[in-house]
Colleague: 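Attaching a single structure in structure tokens format; questions to follow.
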2 protein chains.
Amino acid sequence: MSDLLERLRGRGWRMTAQRRVVAEVLDGEHVHLTADEVHARAVAKLPEISRATVYNTLGELVSLGEVIEVSTDKRAKRYDPNAHRPHQHLVCGQCGAIRDVHPSGNPLADLPDTERFGFTISDVEVTYRGVCPNCAGA
Amino acid sequence: MSDLLERLRGRGWRMTAQRRVVAEVLDGEHVHLTADEVHARAVAKLPEISRATVYNTLGELVSLGEVIEVSTDKRAKRYDPNAHRPHQHLVCGQCGAIRDVHPSGNPLADLPDTERFGFTISDVEVTYRGVCPNCAGA
DNA sequence: ACTTGACTTAGACATTGTCTATCGTAGGAT
DNA sequence: ATCCTACGATAGACAATGTCTAAGTCAAGT
């Protein structure tokens, strides 16, 4: 599991108990946690950890490109540790479940030059919305 | 400009000064305003209008499918009155400028069945991120 | 014009995120 | 091994955005 910790150490990250805990939380379960959920899980492992530290650490991980911020939900940002394989998200509008999915083509190619208005495009974010089998069945 | 107002009236919307003002603000400029910006512009036309009413009215317009909620920016939701032509957004990461763009194909088709996990997909949200000519030039 | 239920209001409250001043500590230097 | 120091952590205030409530107001049907 510690590929993440290894990489961070390799980048000269100063390793602290708090940062380790946050990294472990993210690395442990490949779900999409909100900052507060990360905080809650971190507190379980290290009760003194503060909210600010979790936010700071998450922000640093995002800057380092180790995790991705997603805002599928209109409320809080979520953090996706699966940053090394480009992927998109499939969101259930009822229960809020999120799945990672992998596109067939390159979505960047779908935008013709005439629609780029001189922008230099670096990234595309694609979110499919629908209803998951669970919610549809009920 | 009052296609919007017409449609709303036709749907049995109870027409009040506040709702008219909010609808006019959205219908007037085809930009992507935050709820607070809508409120500010509404106050300019009708000083007594309250924040709650603006939020309520925006929520209703979204439910009715007359405007779309977009969260390109990580902060506030933005409201896009251009709900009747499917489109996507192009966002400048530096200045936050947002442009509507029109896709060449149907992005829904890009997700193979094997990646749908039983979801019934109803919508795709695509956001291209990059740098606008203005910011790139500077 | 009257009545009624839907709409509006002000402001408290909730949630999420940021900032600051202070304290603690990881890791290099000695 | 111990000390130093700069970087990180902390608590809690603050800010931004959004939601809720209780009471007052008004559009529209009768």
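Below, read A as the first sequence line, B as the second, and so on, with proteins coming before strands; counting in each chain starts at 1.
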Colleague: Please tell me if Arg19(A) has a side-chain N or O lying less than 4.0 Å from either OP1 or OP2 of dG8(D).
Modeller: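 Answer is yes, contact under 4.0 Å.
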
Colleague: Of the non-hydrogen atoms in Pro133(B) and Phe119(A), which two are nearest, and what is the gap between them?
Modeller: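 Looking at all heavy atoms of both residues, the closest pair is CD-CD1, 3.8 Å.
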
Colleague: Can you identify which nucleotide, out of dA11(D), dA26(C), dT18(C), has its nearest atom closest to the Arg51(A) side chain?
Modeller: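 Taking heavy atoms from C-beta onward, the closest nucleotide is dT18(C).
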
Colleague: Using heavy-atom distances to pick each residue's nearest nucleotide on DNA chain C, tell me which of Trp13(B) and Arg75(B) is more 5'.
Modeller: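 It is Trp13(B), whose closest nucleotide lies nearer the 5' terminus.
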
Colleague: Whole Å only: how far is the CD atom of Glu48(A) from the P atom of dC23(C)?
Modeller: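 Value for this atom pair: 18 Å.
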
Colleague: Rounded to whole Å, please give me the gap between CE in Met15(A) and C1' in dG28(C).
Modeller: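 It works out to 17 Å between those atoms.
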
Colleague: Counting only distance, no hydrogens or angles, is the base of dC7(C) paired donor-acceptor with the side chain of Arg14(B) under 3.5 Å?
Modeller: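 Not at all, since no donor on one side and acceptor on the other fall under 3.5 Å apart.
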
Colleague: Looking at the side chain of Ala52(B), which of dG11(C), dT18(C), dT10(D) is the nearest nucleotide?
Modeller: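 The closest nucleotide is dG11(C).
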
Colleague: Between dT17(D) atom C1' and His39(B) atom NE2, what is the distance in whole Å?
Modeller: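 Going from His39(B) (NE2) to dT17(D) (C1'), I get 13 Å.
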
Colleague: So, is Tyr55(B) near the phosphate of dG18(D), with a side-chain N or O under 4.0 Å from OP1 or OP2?
Modeller: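 The answer is yes; a side-chain N or O of Tyr55(B) sits under 4.0 Å from OP1 or OP2.
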
Colleague: Mind calculating the distance between NZ (Lys77(B)) and P (dT17(D)) to the nearest angstrom?
Modeller: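 Nearest whole value for this atom pair: 12 Å.
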
Colleague: Please report the distance, rounded to the nearest Å, between CG in Asn56(B) and C1' in dT19(D).
Modeller: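 About 9 Å, once rounded to whole Å.
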
Colleague: Assign Thr16(A) to base, sugar-phosphate, or nothing according to its heavy-atom contacts below 4.0 angstrom with the strands shown.
Modeller: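 Result for Thr16(A) = sugar-phosphate.
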
Colleague: Taking OP1 and OP2 of dT10(D), is either one under 4.0 Å from a side-chain nitrogen or oxygen of Gln18(A)?
Modeller: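 For dT10(D), OP1 or OP2 has a side-chain N or O of Gln18(A) closer than 4.0 Å.
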
Colleague: I'd like to know if Glu66(B) pairs up with Arg11(B) as an ion pair, taking the criterion as any Lys NZ or Arg NE/NH1/NH2 lying under 4.0 Å from an Asp or Glu carboxylate oxygen.
Modeller: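 Salt bridge between Glu66(B) and Arg11(B), a charged N being under 4.0 Å from a carboxylate O: yes.
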
Colleague: Kindly indicate, with the supporting measurements, whether the criterion side-chain contact (heavy atoms from CB on, under 4.5 Å) is fulfilled by Ile98(A) and Arg78(A).
Modeller: CA-CA 10 Å; Ile98(A) 303 174; Arg78(A) 292 178 174 275; 3.5 Å; yes

Colleague: Assign each of Ala76(B) and Leu46(A) to its nearest nucleotide of DNA chain D by heavy atoms, then name whichever residue's nucleotide is nearer the 5' end.
Modeller: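 First, find each residue's nearest nucleotide; the 5'-ward one identifies Leu46(A).
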
Colleague: What is the distance from atom CD of Glu125(A) to atom CD of Gln88(B), rounded to the nearest 0.5 Å?
Modeller: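 Between Glu125(A) CD and Gln88(B) CD, I get 12.5 Å after rounding to 0.5 Å.
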
Colleague: Quick one: Arg11(A) CZ to dG27(C) C1', roughly how many Å, whole number?
Modeller: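 The distance from CZ of Arg11(A) to C1' of dG27(C) comes to 20 Å, rounded to the nearest Å.
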
Colleague: Roughly how many Å is it from CD1 in Ile49(B) to P in dG11(C), rounded to a whole number?
Modeller: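 Those two atoms, CD1 and P, are 16 Å apart.
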
Colleague: Walk me through whether Glu115(A) and Arg99(B) qualify under salt bridge (Lys or Arg N to Asp or Glu O under 4.0 Å).
Modeller: CA-CA 10 Å; Glu115(A) 287 284 334; Arg99(B) 299 231 27 165; over 6 Å; no

Colleague: Report the distance from atom CG of Leu8(B) to atom P of dA28(D), rounded to the nearest whole Å.
Modeller: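 Distance, rounded to whole Å: 13 Å.
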
